[in-house]
Amino acid sequence: MCGIIGIAAKSPVNQALYDGLTVLQHRGQDAAGIMTCDDDRIYLRKSNGLVRDVFHTRHMIRLLGNMGIGHVRYPTAGCFSSAEAQPFYVNSPFGIALAHNGNLTNAEELKRDLFREDRRHINTDSDSEILLNIFAHELQIVSNMEVKPADVFSAIRGVHRRCRGAYAVVSMIAGRGIVGFRDPQGIRPLVIGKRETTDGMEYVLASESVAVDVLGYEFMRDIAPGEGVFIDADGVLHTQQCAEKPELTPCIFEHVYFARPDSIMDGVFVYKARMRMGKYLAQKIMRVYPQHDIDVVLPIPDTSRTSALALSYELGVKYSEGFIKNRYIGRTFIMPGQKERKKSVRQKLNAIESEFMGKNVLLVDDSIVRGTTSKQIIQMARDSGANKVYFASAAPPVRFPNVYGIDMPSASELIGHGRDERQIADVIGADWLIYQDLEDLIKAVNLKAPNIKRFDTSVFDGTYVTGDVSREYLDHLDRQRNDTARAEKVKDNEVVELHNTA
């Protein structure tokens, strides 16, 4: 998962891009990058690390210009090298930069086609570089010396024809303008905002509406699935539908875990959706365990807090905070090795004993992926004196890998894969475990957004909305994502880094 932002303004955008990426930091803590344009000159800073660590004063003062794009990333499919930090750049035609959130499911095929037919070389393992070169080649076919809106939209149509999977994109054409587009299913989010100044209109494109709000822009709307947006060098906004059969099928896991609660996505208030998740989960608990003996409801911070609060209210059971989070430790399920992942849980959370001692506690989390974190947390609760430890997940069991840009483990490493609820409860050490029903999750998110007819729920039910995900592709992904492959990738990158600094 990644966060992207693009700004076309009438004054320098370096600070706004930095601030926007900081707001989107929850979408990726592995790497960050900003590229700006001043007249026809391109300026770039990107590296591994948090936004605050990648950009220092000496970098910021060199990021000149009134237009630019930015990106925050966590690694996908075993990529941990700083060489794959975004934005990416190609100099032909015109000079184009691109930042991307998502994953192309036909990346290997596209990479071969780019080399054999388009005569373009791909220098990394990132599908974002592939997407950039596809867009650049399609634009080169239709453009002469000038870049017209019709040329940009034609290039986007070419991307839609060739690319499969999920992609929300911001791109910058040097001296010409900022481009944004979303895949025909709208799997990954992208929004647009505007601001009127004395010099004219300014526009921002971002993964989430919270970035639009914080930067002082007026939220306009979500970019539609398949839609292209072009803000030219004069600040004029051009939009056009570029897909033949667009259908809004956004990823429901955005609402479960990734999005900030103060964001709005495809007309859905994330905070309200999570409140409803907690309400429906409480109603299921009352159906399944009508004589429950829960003394207190405790969220596992931070994402589950909203659902846990609504759940406790619906159950009529006390809500309390039992864990204190160290906010400077990254998310655990993306870490490269199981040993490192286990160590991180204790670094990330600390229990308040008084909230556990002698009580029957219900721990609420947004989801359970590997189960490693859940098992450690349940043991922490028992070590703190809990009498019984129950566990509730605001999402259904995660049983299948995500192929659209969330770097979940291989299927064999998902605790929900091939196990029922009782077996999962035994593995993580819970007295009992309850999951949200998929129908209730969909209802919780979609209650106030009737324009969404279908969600991508593939991690729960194995149904992939693009319709092109084969068993062979999933096997290939499994080989890339299992812990052994990740460990080898880290080792290889360490050798490369050592060689480069020798």
Side-chain angles (χ1 to χ4, degrees), residues 2 4-8 12-14 17 31-47 54-55 59 62-71 73 79 81-101 104 107 110-159 162-163 167 169-181 205 228-234 500:
C2 302
I4 58 175
I5 188 169
I7 300 177
V13 296
N14 52 355
L17 288 168
I34 291 175
M35 185 176 285
T36 61
C37 180
D38 187 33
D39 292 327
D40 288 327
R41 292 290 300 273
I42 295 290
Y43 302 90
L44 171 67
R45 168 61 181 171
K46 61 179 181 177
S47 186
V54 170
F55 302 101
H59 305 126
R62 295 171 187 161
L63 292 170
L64 305 176
N66 298 347
M67 70 172 71
I69 62 175
H71 186 268
R73 180 199 77 167
C79 297
S81 170
S82 60
E84 300 193 5
Q86 299 183 41
F88 285 112
Y89 173 78
V90 290
N91 62 9
S92 178
F94 310 113
I96 302 175
L98 181 143
H100 160 227
N101 174 31
L104 300 182
L110 291 170
K111 189 174 182 177
R112 289 193 300 269
D113 291 346
L114 280 167
F115 181 74
R116 293 173 181 173
E117 299 175 18
D118 301 343
R119 299 295 188 264
R120 286 180 174 267
H121 174 70
I122 304 301
N123 199 48
T124 70
D125 293 327
S126 173
D127 61 338
S128 302
E129 188 186 10
I130 294 172
L131 186 56
L132 166 61
N133 277 273
I134 294 289
F135 177 64
H137 181 76
E138 294 295 325
L139 187 61
Q140 190 167 25
I141 292 173
V142 296
S143 293
N144 293 314
M145 290 302 295
E146 296 300 320
V147 178
K148 300 175 182 178
D151 300 334
V152 173
F153 297 137
S154 177
I156 296 172
R157 283 194 292 273
V159 170
R162 298 177 66 176
C163 296
Y167 47 92
V169 171
V170 290
S171 179
M172 178 172 64
I173 306 173
R176 273 78 172 183
I178 296 292
V179 179
F181 55 92
L205 298 165
V229 172
F230 177 49
I231 303 125
D232 64 30
D234 296 322
N500 289 340

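Small disclaimer: the values here were computed from a predicted structure and weren't measured.
With sequence neighbours excluded, no residue forms a side chain to side chain donor-acceptor pair (under 3.5 Å) with N14. In terms of the ring-ring contact (aromatic ring centres under 6.0 Å, His included) criterion, F55 has no residue partners (sequence neighbours excluded). Residues passing the side chain to side chain donor-acceptor pair (under 3.5 Å) test with D232 are H238, sequence neighbours excluded. In terms of the side chain to side chain contact (heavy atoms under 4.5 Å, CB included) criterion, F115 has no residue partners (sequence neighbours excluded). Residues passing the side chain to side chain contact (heavy atoms under 4.5 Å, CB included) test with R112 are E108, E109, R116, sequence neighbours excluded. Residues meeting the side chain to side chain donor-acceptor pair (under 3.5 Å) test with D113, sequence neighbours left out: none. Scanning for salt bridge (Lys or Arg N to Asp or Glu O under 4.0 Å) contacts around R162 gives D118, E138, with sequence neighbours left out. With sequence neighbours left out, H59 forms a ring-ring contact (aromatic ring centres under 6.0 Å, His included) with H56. In this structure, A233 has no side chain to side chain contact (heavy atoms under 4.5 Å, CB included) partners at least two apart in sequence or on a different chain. By the side chain to side chain contact (heavy atoms under 4.5 Å, CB included) test, V54 pairs with A32, R45, S47, sequence neighbours left out.
Counting heavy atoms from C-beta outward, L17 and L63 have side chains that stay 4.5 Å or more apart. I173 is listed as a side-chain neighbour of V152, based on a closest heavy-atom distance under 4.5 Å. Between P12 and N66, some side-chain heavy-atom pair lies under the 4.5 Å cut-off. No side-chain heavy atom of I4 sits under 4.5 Å from any side-chain heavy atom of Q86. In this structure the side chain of R176 reaches within 4.5 angstrom of the side chain of D40, judged on heavy atoms. Between N133 and E129, the closest side-chain pair of non-hydrogen atoms falls below 4.5 Å. Contact annotation: the side chain of V170 never approaches that of I5 to less than 4.5 Å [non-hydrogen atoms, C-beta and beyond]. Contact check for I134 versus L114: side-chain heavy atoms found under the 4.5 Å cut-off.
Across all their heavy atoms, C2 and H71 have their closest contact at CB-NE2, 3.4 Å.
Rounding to the nearest 0.5 angstrom, the gap separating the CD1 atom in I7 from the CD1 atom in I69 is 11.5 Å.
In this pair, F181 and Y167 present their aromatic rings perpendicular. The plane angle is above 60°, beyond the 30 to 60° band.
A donor-acceptor contact shorter than 3.5 Å links the side chain of D127 to the backbone of L104. K111 contributes no side-chain N or O that, together with a main-chain N or O of I130, makes up a donor-acceptor pair within less than 3.5 Å.
Among residue pairs with one or both ends in residues 141-158, none qualify as salt bridge (Lys or Arg N to Asp or Glu O under 4.0 Å); sequence neighbours excluded.
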For residues 88-100, tabulate all N or O donor-acceptor pairs below 3.5 Å that involve a side-chain atom, not counting sequence neighbours.
residue: S92; atom: OG; partner: Q140; partner atom: NE2; Å: 3.2
residue: H100; atom: ND1; partner: S128; partner atom: OG; Å: 2.8
residue: H100; atom: NE2; partner: A166; partner atom: O; Å: 3.4

